[in-house]
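No hydrogens, no waters, no symmetry mates; every other heavy atom, side chains included, goes into these values. Below, chains carry the letters A, B, ... as their sequence lines are ordered, and counting in each starts from 1.
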Amino acid sequence: MEEYSTLEGTVHSIIFQNPDNGYTVLRLLTDEGEVVNTVGCLPCAAPGERMLLTGRMEVHPQHGEQFSVRDAERRMPAEEDEILSYLSSGAIKGVGPATAARMVERFGSETLDVIERAPEKLTQLKGVTSKRAMEIAQSFRSQMELRRLMEFLARFELPIVLAMLLEKRYGGTALDVLRENPYLLAGGTFGVEFSTADEIAISLGIPADSACRVEAAVLFELDHNADNGHVFLPREKLIDATARLLECGCEQVERALDDLMERCAVVQEQVANVTACYLRRLYDAERYAQRKIELLLSAAADQGGGVEELIGRIEEEQGISYAPAQRQAVELAARQGVLLLTGGPGTGKTTSVRGIVALFRRMGLDTVLAAPTGRAAKRMGELCGMEAQTIHRLLGMSFSESTGEVSFIKGEKEPLEADAVIVDEMSMVDLMLMAALLRALRPGCRLVMVGDPDQLSAVGAGNVFSDLIRSGRIATVALREIFRQAERSAIVRNAHAVNEGRLPALDNDQGDFFFLRRRDPVRTAATIVELVQTRLPEKMGVPVEQIQVLTPTHKGEAGTVNLNRVLQAALNPRRPDRRERSWGERLFREGDRIMQTKNDYDVVWEKPDGTVGTGMFNGDVGRIEQIDPSGEWLTVNFDDRLATYTADQLSEIDLAYAMTVHKAQGSEYRCVVLSAVNAAPALMVRGVLYTAITRARELLIVVGDEAAVGRMTENDRQQKRYSGLKWRLRGGERA
DNA sequence: ACCTGCAT
């Protein structure tokens, strides 16, 4: 489909280069004598270097025609004039135009060899001390290391950015480390397919039955399954999957597994009737979580004396009267060390949490609010009238590029000072984060966990919230009564139906829940555009800004990428008076609906009344107000706050006419249009449908195939993650 | 064969 062309020439000059990701803008002098502006990932590109590029011509709204690189074959400068322009450009630390000229005059086309292999010869030149010669050689060598790494990766068609990541992790020795063990590319940190890593290993002559290969495969399987939410794998499944991956016998895998267990990289333990194999870090986290929760439960001092009276006063003060379950929640928070509070949208979780906050304040408890995502934390803070932060920030999390390790300042050695911690959106907390939080709680600290267990689960491994609920060991208040919506709402009824595994009613006579059958994704997309552009605003009186299109996937005709393209074209078409700015594959236009895609605590915003603040959060949706003619900045209106983005922050925003159901978790809209089409099996799950339905306050239109709706309703597989926490809390082997 | 969180 995509048409690519090639371009060959010598780098004339570098206009821009980002040393972190290799993104480069340069002028290429082609063999036809033309100068072409070229952009792409070309780390340490330098003048004089020859390139054979594959890519295509594009028109940039500000910078005009340019060649966008997809693939590059590169060769170091070889001719004297190429070497001269390379060295004169400042590409090597310690070499300027004058030294460059002297070097090339003296060593000719051998110059680069001399620098790399015999730098002591450089001292023959005027003004070059041996110290400086060594520095020059060092700078050149580290560049060559990166270039060789890139070449190596390119041979296996791996993305060039990987070179930057490997260099950050292993420095100058990255290529040696990689040659030693190519399997470190597989899975997790670098995200390379096992088969690709395996192919590299084979080409390097690593034998198929070498221990390092089989062990790597076992760890890859465990890691890969952890990505899918499993805390452990049953031994037989692990062995079977690994043997299939390697096309080898089970005995070999068993031997490797034994070795890994001996080194404690893998822990095997009986969980109920399953022989469970854990990655070490997940095992430690699960055991710690169990023990610490038990400690918190036993340390709980009932401070319930006089609680009724306190609650009465809070009701008076807040001008409300609690429903029985809400009252029970507030009361139990005072009596129990650990409390679980569950409920779907509209069941009054927030009211209860505000009550608990008020109660803790009156009890003199130093209380901290936290949530697993930035936006959930922001919302929690606003609703409770006090500061809330991400759990990660609360614990002082940091991430080291060089080791790839996550660490927390707060922990057993330096615990949080709080007497009570309240966590919202618990369904999104995974096991590793839970363990990190528990490590930072002082014994006796109260812990209140709030959430909707039917929502989409955490990204990481574990089923923490539902394990805690189903363990039966922890006081739980389930809020069921729905206050927000009338019981006759089909949205609510259908949400419940889906939750119980029954098909939602798709018969269209129910006021707020409609189904439009479109078996073909192309027609699904067309119908969605028509709904959003004309039918809903004109026939149902819903303004476009109050409609959100949701879809399970990014891919395909009815995925976010295409829907955003067609919705942008329909709702905010190109106009002479609307400026545009492109960023990579994306095109932004004044008036576009966009979304912040990562927490940024530094974005500056201003309200019309002059209030100034900072911080936008992953999932915040706004509208592009103005694009600066030079393309240096743009302003976005988020709900009355006007935020200014600089060019380098553009990677943090994306079009938001359509977004994935996952992204919408935690938000609500007056009207939701859901694209219900077949997508990858992992996405055709009940939680996706339930979450999509419950995002709609007043109106929900499902467009698509009822078979897809049926598949999602039936499939509760995502709830079934291998995890031992529930079993351990129930008493484990003692039971 | 695909979705996603956080951190400097």
Side-chain angles (χ1 to χ4, degrees), chain A residues 20-21 168 187-189 191-196 224-229 245 370-378 388-410 423-437 451 455-462 464-465 550-556 558-561 595-602 615-620 648-649 652 654 658-667 675 677-692 708 711-712 715 717-718 721:
Chain A
D20 292 329
N21 58 23
K168 276 194 192 124
T189 16
V192 174
E193 285 290 320
F194 186 85
S195 58
T196 310
H224 175 75
N225 279 283
D227 272 351
N228 289 326
L245 181 69
T373 71
R375 224 156 46 96
K378 186 184 77 171
Q389 31 181 345
T390 62
I391 300 173
H392 311 75
R393 284 204 132 198
L394 179 69
L395 302 180
M397 169 179 158
S398 64
F399 176 80
S400 153
E401 297 256 29
S402 55
T403 63
E405 263 162 36
V406 165
S407 57
F408 299 91
I409 294 171
K410 296 294 177 182
V423 181
D424 198 3
E425 294 285 2
M426 260 304 289
S427 66
M428 291 193 270
V429 175
D430 65 50
L431 179 62
M432 293 303 290
L433 188 60
M434 185 68 194
L437 175 63
Q455 286 205 40
L456 295 168
S457 24
V459 170
V464 175
F465 198 38
L550 301 181
T551 169
T553 177
H554 289 304
K555 298 191 168 177
T560 56
V561 176
M595 173 174 52
Q596 175 83 21
T597 56
K598 98 189 248 246
N599 293 344
D600 187 330
Y601 297 86
D602 299 324
M616 295 310 309
F617 298 92
N618 190 348
D620 284 343
D648 56 328
Q649 287 168 318
E652 295 174 6
D654 210 344
M659 66 173 87
T660 60
V661 176
H662 278 86
K663 269 281 177 209
Q665 170 135 304
S667 299
S675 142
V677 292
N678 270 316
L683 299 174
M684 304 307 286
V685 292
R686 188 179 297 170
V688 169
L689 185 58
Y690 172 81
T691 302
R711 272 182 75 191
M712 291 199 259
N715 188 354
R717 184 176 43 94
Q718 86 167 13
R721 296 175 162 201

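- In this structure, CG of A:L395 is placed 19 Å from P of B:dG5, rounded to the nearest angstrom.
- In this structure, NE2 of A:H224 is placed 12 Å from P of B:dC2, rounded to the nearest angstrom.
- Base contact: A:M397 has a heavy atom under 4.0 Å from a base atom.
- For the pair A:R711 CZ and B:dC2 P, the interatomic distance rounds to 13 Å; values are reported in whole Å.
- Straight-line distance from the CG atom of A:N678 to the C1' atom of B:dC2: 13 Å, rounded to whole Å.
- Looking at heavy atoms from C-beta onward, A:I391 lies in side-chain contact with A:V429 at the 4.5 angstrom threshold.
- The side chain of A:H554 lies closest to B:dC3 when the candidates are B:dT8, B:dA1, B:dC3.
- In this structure, A:Y601 reaches the sugar-phosphate backbone alone: every heavy-atom distance under 4.0 Å involves primed, P, OP1 or OP2 atoms, never a base.
- The nearest whole Å value for the distance from the CG atom in A:L456 to the C1' atom in B:dC3 is 9 Å.
- The side-chain heavy atoms of A:M397 and A:V406, taken from C-beta on, include a pair separated by under 4.5 Å.
- Nucleic acid contact class of A:T660 (heavy atoms, under 4.0 Å, all strands): sugar-phosphate only.
- An OP1 or OP2 oxygen of B:dA7 is reached within less than 4.0 angstrom by a side-chain nitrogen or oxygen of A:N599.
- Rounded to an integer number of Å, the gap from NE2 of A:H662 to P of B:dC6 is 14 Å.
- As rounded to whole Å, 13 Å separates atom C1' of B:dC2 from atom CG of A:N715.
- At the phosphate of B:dA7, OP1 or OP2 sits under 4.0 Å from a side-chain N or O atom of A:T390.
- Of all nucleotides listed (B:dT8, B:dA1, B:dG5), B:dT8 comes nearest to the side chain of A:K598.
- Across the protein-nucleic acid pair, A:D227 atom CG and B:dA1 atom P stand 16 Å apart, rounded to whole Å.
- Both A:N228 and A:V406 lie near DNA chain B, and the one whose nearest nucleotide falls closer to the 5' end is A:N228.
- Across all strands, A:G396 comes closer than 4.0 Å to no nucleic acid atom at all (heavy-atom distances).
- OP1 or OP2 of B:dC6 sits under 4.0 Å from a side-chain N or O of A:N618.
- When the nucleotides B:dC3, B:dC6, B:dA1 are ranked by their closest atom to the side chain of A:P681, B:dA1 comes out on top.
- Side-chain contact of A:S407 with A:S398: a donor-acceptor pair under 3.5 Å is present, judged by distance alone.
- Looking at heavy atoms from C-beta onward, A:E652 lies in side-chain contact with A:K598 at the 4.5 angstrom threshold.
- The side chain of A:D430 has B:dG5 as its nearest neighbour among B:dC2, B:dA7, B:dG5.
- Side-chain contact between A:E425 and A:Q455 is present, with heavy atoms from C-beta onward closer than 4.5 Å.
- A close approach under 4.0 Å does occur between a side-chain nitrogen or oxygen of A:T553 and OP1 or OP2 of B:dC3.
- Side chains of A:Q596 and A:N618 form no contact here, defined as non-hydrogen atoms less than 4.5 Å apart.
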